[in-house]
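In what follows, a single structure is set out as structure tokens and then discussed.
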Amino acid sequence: MDRRTFVEQSVKLAAFTAVAGPVLGAPLAALSFSQVPLPYAKDALEPSIDAMTMDIHYSKHHAAYVKNVNDAINEEKITDASEVDFFSNIQKYSAKARNNGGGAWNHNFFWLNLAPAQAGTAPGGKILDAINGSFGSFDKFKEQFTQAAMTRFGSGWAWLVKEGNQLKVGSTPNQDNPLMSVSDLKGTPLLALDVWEHAYYLKYQNKRNEYVANWWNVVNWNEVASRLG
Ligand code: MN
């Protein structure tokens, strides 16, 4: 073929590839959620969080959220380029997309903000300065966060978020998160606590207060500090 025909065909092929995706006949490559690999063994957070709870929580609950949000993304032909874009548009999508998208994202965030207590990470440096600056002291922050976790009625999450130069605590219902357009609590998430009964019921039954108290022992403060930017 001459050069002009070659160029024309290349342009057509490029246009087709962009629409069809890299695999012939596959839908346009869209957002897809996946589970982060756990950065510790399932019994590594004992005794604060027991191995069976970790196993069911990660392998069953979280896995289901990931599968279901990806199904919703396909069914609803959602084409957001990133998770952040997806959450900022969440008011346009179904309850299936919202609940499972939140479930997929929130749990990835949650696993990474935990570490074995022996790792001995304690808040220090810039994250401690930010907490002191916004709450007065670490103890006052802990009190407010615990209260947010304890007063969330039913299922949901407690959060530490950064908004502007301030840190604040709050909670969200169900699997909502502070990145969602529909959330009352807004900001950049720094730390999250799952207060769904599935997160603690096997070990703590109705005693959410004991779960929350012991959870502080396995917070990965290095990770929280890194999210401060
Ligand atoms: Mn959960």
Side-chain angles (χ1 to χ4, degrees), residues 32-73 83 86-87 90 93-117 145-161 169-180 182-185 187 189-220 223-224 227:
S32 173
F33 283 82
S34 57
Q35 284 187 285
V36 294
L38 278 183
Y40 38 73
K42 285 174 179 162
D43 63 358
L45 306 180
E46 297 255 15
S48 295
I49 300 176
D50 62 289
M52 186 181 281
T53 296
M54 279 299 299
D55 184 38
I56 296 171
H57 202 176
Y58 181 85
S59 307
K60 306 293 182 192
H61 291 281
H62 189 201
Y65 295 130
V66 169
K67 180 192 179 297
N68 291 335
V69 69
N70 289 332
D71 287 350
I73 286 169
E83 295 170 352
F86 171 75
F87 290 127
I90 205 75
Y93 308 139
S94 67
K96 179 177 179 179
R98 172 176 170 176
N99 292 334
N100 291 286
W105 192 93
N106 296 352
H107 286 87
N108 279 338
F109 189 86
F110 183 61
W111 309 133
L112 298 178
N113 79 215
L114 300 175
F145 190 97
T146 298
Q147 193 183 357
M150 290 305 300
T151 56
R152 168 49 56 190
F153 184 78
S155 298
W157 293 75
W159 301 89
L160 171 68
V161 301
V169 298
S171 70
T172 54
N174 305 313
Q175 295 293 354
D176 285 359
N177 69 45
L179 299 174
M180 290 185 178
V182 294
S183 177
D184 291 334
L185 178 71
L190 303 178
L191 174 66
L193 171 56
D194 187 345
V195 295
W196 281 59
E197 285 185 346
H198 71 222
Y200 62 87
Y201 207 83
L202 288 177
K203 181 177 171 73
Y204 297 98
Q205 294 83 49
N206 60 315
K207 298 177 290 260
R208 185 190 286 188
N209 60 326
E210 288 185 16
Y211 161 66
V212 175
N214 290 336
W215 168 82
W216 289 106
N217 298 327
V218 290
V219 172
N220 183 346
E223 179 69 19
V224 181
R227 291 167 179 168

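Residue indices begin at 1 and follow the sequence shown. Order of listing sets the numbers, starting from 1, for every ligand and every atom in it.
Contact detail for Phe110 and Ala192: the closest heavy-atom pair is CD1-O, 3.4 Å. Closest of all the heavy-atom pairs between Leu179 and Trp105 is CD1-CZ2, 3.5 Å.
Once rounded to the nearest 0.5 Å, the distance linking CH2 of Trp196 with CD of Gln175 reads 5.0 Å.
Counting just the N/O/S atoms of Asp194, the one with the shortest distance to the Mn ion (ligand 1) is named OD2. Atom NE2 is the N/O/S atom of His107 found closest to the Mn ion (ligand 1).
Residue His198: an N/O/S atom is found under 2.8 Å from the Mn ion (ligand 1). Look at His61 and the Mn ion (ligand 1): no N/O/S atom of the residue is under 2.8 Å from the metal.
A 4.5 Å side-chain heavy-atom check between Leu112 and Arg227 finds at least one atom pair inside the cut-off.
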